[in-house]
Amino acid sequence: MLEIQLPDGTIVSHPDDATPLSVAEKIGSRLAKAVIAAKIGDLIVDATRPLKSFANGTPIPLRLLTEKDPEALDVLRHSSAHVMARAIMRLYPNVSLAFGPTITNGFYYDFDLPQKLNEDDFAKIEAEMAKIIELAEPFEQFSLDRTQSVELCRDMKQTLKVEHIETGLASHESLGFYRQGEFVDLCRGPHIPDAGRIKAFKVMSIAGAYWKGDADGLQLQRVYGTAWFSPKDMQAHLEQVEEAKKRDHRVIGKRLGLFQISSEVGPGMCLWLPKGARIRSLLEDFLRKEMLKRGYEPVYSPHLGRVELYETSGHFPYYRDSQFPPLFVNDGGALVDGWIRRLESKEGLPVAHEQAFMQAAEVLGCEIKEYKVEQSVAERTAVLQTWQRLHERYLVKPMNCPHHAQIFKAMPRSYKQLPLRLFEFGTVYRFEQTGELNGMLRVRGLTQDDAHIFCTQDQVEQEFRNTIELTRMVLESVGLKDYRVQLSLRDPKSDKYVGSEENWQKAEAALRRVLEESGLNFQAAEGEAAFYGPKADFMVRDCIGRQWQLGTVQLDYNLPERFQLEYIGSDNKTHRPVMIHRAPFGSMERFVGMLTEHFAGAFPMWLAPEQVRICPLSEKSNDYALELEKQFLDAGFRVTVDLRGAKVQAKIRDAQVELIPYMAVVGPREAETRSIALRDRIEGELGTKPVAEVLSMLAEEVNQRRIRFAVQKETNEPEQPKVTETASHEY
RNA sequence: GCUGCUGUAGCUCAGUGGUAGAGCACUUCCUUGGUAAGGAAGAGGUCAUGGGUUCAAGUCCCAUCAGCAGCUCCA
């Protein structure tokens, strides 16, 4: 007999051949029908899995999973992936299966198949899946040893599975399979009892994917799907996807006129329209003020730097592929650049091409007399590199650090000047792959709220503490309160890191100490540090639960070394400072893009590009409206008047659609009493108030940077009442 | 960069080889009103670009460019 402990603590006895399903049957036939899978401790298993294998002398902790348990949905989706794979194998010949896991809200399966699938195939696939589900055949688990497994997969011509058994699963003695009708798949499980449990499913999309994530490897076709226990749940999900699309910063950015990416300017090049620029400049002013208070000093640097600067920093040619190509002042610059790269390439430079290069150099008027074909590759390269150093080459700057390092170097530094905190809203350019570009979230020209702190090793802890405090303050001022920090530390086994062992230990301990005392939710990640120093990244959760990586703080032992940065210590000897890179927003583009989605375009009063729209009732009230506009402007508000000959209903509707926080409706009554009939975009009418009262009320909302969400967050439980979140920040 | 999809008016989109369409926005006129759309008229197009097939191409084919989804990448 097996002793089984149910979630309520009761212990029941069952025969040795008991399964979760048989336990459920004992409790009731309705429950047995509802069981999808079971949980033994933390392990999710099939409902048909014999429980005997879990017996270890103590009662087996068993929890039956039904449609109500979120874990069950995962099981359902994994089984749906099998059903989809089965359908696709029936429809198309020579399908080789890769992996088919579940993901948030659905599943996918990767296939290697000769036929290119597209959206027109979805209906066919869905119809075939429906047939399989109709039959409600069971999922049957069985195990084989390694040899038998490989043999079985070979027989089924599943070459990718064979490869996976031989590589990824090399340490497994025996392997699990599931059979469902004619379909057999290598799979750890668990699965639903039978395919009939899938009540709603949909093939969503198709995309390319790489075998085991290797971009140089085999390209597979990935088919995405979703599955649910009821059509109603699926409908709700599909509607939510639509809702999320409406929140897309690209859609809102266009509708509200925040920014534009024009293909004539170039992909990934963001044009800030007046309203978007307004938001950005408000954020910049806010941060600038906070930084000045905290002892930062503003600096400016140009958008170009000599290539040699980045050779010193180590960013060139190492990151060349993600940088815009160098600018050459001399006509021959690009020629010599290509020439060197071909000389140094694995294939080498064929004689005929070398002759052509030499001739071209002559044509361009930059003949290099010292270059001799009989010299070694190293010698010829050196000759060309000497030529390069004598001719200017520039890079549009991919980062600000080298410039700031030069500012540090501009004069001799004493320990008394440290920490030296230099900040700049620095625009940098990165040649991101075309497929990576995404609205404002991933662009090729971006402005970092960058600062570099030069300090002594002993000052690292306090500077890090201050930086963390600043970042928290900044995030909370826009209502982002749900975040965690990833502390990236060294891999103790690796030796790829620069900087002394002692400094690393001190720095890592200091960062950890600061995070611990800050009470922040943080996780340490060993081996995630950059080679030049440990770092802390802020992972922020927005109001619909998505995670963003925004602010970052990074210690750097590398650049001070490479740039030979020094200060004179109290001992009158030279010392090397530590450099801290930090950016609370990350980049203005990404931050504003993220905020747009976070607020669904309804920016809080302190950031709203337009704060108040004055809506005169008719042309008779235009004079009073214009008078009010001046009062609002004088009080520092961003305000406009709607002077159109439209009805006030239309003016209000347009202001609401534009998500303007307040509307001031004025007619003869208000003009008479010098008042405003105030309307709030969230609450609606607030009643008629004297002008002075409105001005001070709105000023307070701005000064406190109060956050009131105008567009509700979407939740998975639509029955939940609407909640208006409020948050305020005080100085 | 890779795979798939898309590109028609400022925006959202119809348009199945035979004369280029709708709604919203815009302009003008009428309307002068009390908290989410008053009415009428008008203007607006090299159908992404280049080539091809055809008597005839927005529509079919090829290339290029750009966008979207996913993959790979992000100092």
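Naming convention: chains lettered A, B, ... in sequence-line order (proteins, then strands); numbering from 1 in each chain. All values below were derived from every heavy atom in this structure, side-chain atoms included, with hydrogens, water molecules and symmetry-related copies excluded.
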Given B:G34, B:G38, B:C11, the nucleotide with the shortest approach to the side chain of A:Pro668: B:G34
Sugar-phosphate only, base, or nothing, as touched by A:Ser322 at under 4.0 Å among non-hydrogen atoms: base
Same-atom distance (P) from B:U12 to B:G52, integer angstrom: 32 Å
A:Arg582 side-chain N/O to A:Asp449 backbone N/O, donor-acceptor pair under 3.5 Å: yes
Residue closer to the 5' end of RNA chain B, A:Lys254 versus A:Gly684 (nearest nucleotide): A:Lys254
A:Gly225 backbone acceptor or donor facing A:Lys202 side chain under 3.5 Å: no
Nearest-nucleotide pick for A:Tyr319, side chain only, options being B:G34, B:A75, B:C11: B:A75
Touch class at under 4.0 angstrom, heavy-atom based, for A:Gln323 against every strand present: base
d(NZ, A:Lys245; P, B:G67) in whole Å: 19 Å
Side-chain N or O of A:Arg250 closer than 4.0 Å to phosphate OP1/OP2 of B:A69: yes
Aromatic ring pairing A:Phe431/A:Phe324, orientation class (parallel under 30°, perpendicular over 60°, tilted between): perpendicular
Under 4.0 angstrom between A:Thr434 side-chain N/O and B:G1 OP1 or OP2: yes
A:Ala207, nearest nucleotide to its side chain (from B:A36, B:A75, B:G70): B:G70
A:Gly266 vs A:Leu117, nearer the 5' end of RNA chain B by closest nucleotide: A:Leu117
Aromatic centroids of A:Phe99 and A:Trp211 separated by under 6.0 Å: yes
Protein-nucleotide distance (A:Leu678, atom CG; B:U35, atom P), rounded to Å: 15 Å
Pairing pattern in dot-bracket form [Watson-Crick, G-U; both distances under 3.5 Å; | = partner strand] for RNA chain B: (((((((..((((....[..)))).(((((.......))))).....(((((..]....))))))))))))....
Atom-pair distance (OH on A:Tyr108; C1' on B:G70), nearest Å: 10 Å
Closest nucleotide among B:G70, B:C73, B:A36 to the A:Gln656 side chain: B:A36
Length of the CD-C1' vector between A:Gln549 and B:C73, whole Å: 14 Å
Touch class at under 4.0 angstrom, heavy-atom based, for A:Gln221 against every strand present: nothing
Gap between atoms OH and C1', on A:Tyr210 and B:U3 respectively (whole Å): 7 Å
Nearest-nucleotide pick for A:Gln554, side chain only, options being B:G34, B:U72, B:A75: B:A75
Phosphate OP1/OP2 of B:G33: any A:Lys620 side-chain N/O under 4.0 Å: yes
A:Leu437 CG - B:U72 P separation (whole Å): 17 Å
Non-neighbouring partners of A:Lys535 that pass salt bridge (charged side-chain N to carboxylate O under 4.0 Å, His left out), sequence neighbours left out: A:Asp537
Nucleotide B:G70, atom P - distance to CG of A:Asn438 in whole Å: 8 Å
Ring-face cation of A:Arg222 near A:Tyr109 (centre distance under 6.0 Å, axis angle within 45°): no
Donor-acceptor pair, side chain of A:Ser494 and main chain of A:Asp491, under 3.5 angstrom: no
Side chain A:Arg442, main chain A:Glu432, donor-acceptor under 3.5 Å: no
Candidate nucleotides B:U72, B:A66, B:G33, ranked by approach to the side chain of A:Ser263 - the nearest: B:A66
Options B:C74, B:U32, B:G34, nucleotide nearest the side-chain atoms of A:Glu619: B:U32
Phosphate contact (B:G34 OP1 or OP2) by A:Arg669 side-chain N/O below 4.0 Å: no
Touch class at under 4.0 angstrom, heavy-atom based, for A:Arg679 against every strand present: base
Whole-Å distance separating the CZ atom of A:Arg442 from the P atom of B:A75: 9 Å
Selection from B:G34, B:G70, B:U72 that lies nearest to any side-chain heavy atom of A:Ala215: B:U72
Nucleotide nearest A:Gln433 (side chain, heavy atoms from C-beta), chosen from B:C71, B:G4, B:C73: B:C73
Sugar-phosphate only, base, or nothing, as touched by A:Tyr318 at under 4.0 Å among non-hydrogen atoms: nothing
Cation-pi geometry met for A:Arg77 and A:Trp228 (6.0 Å, 45°): yes
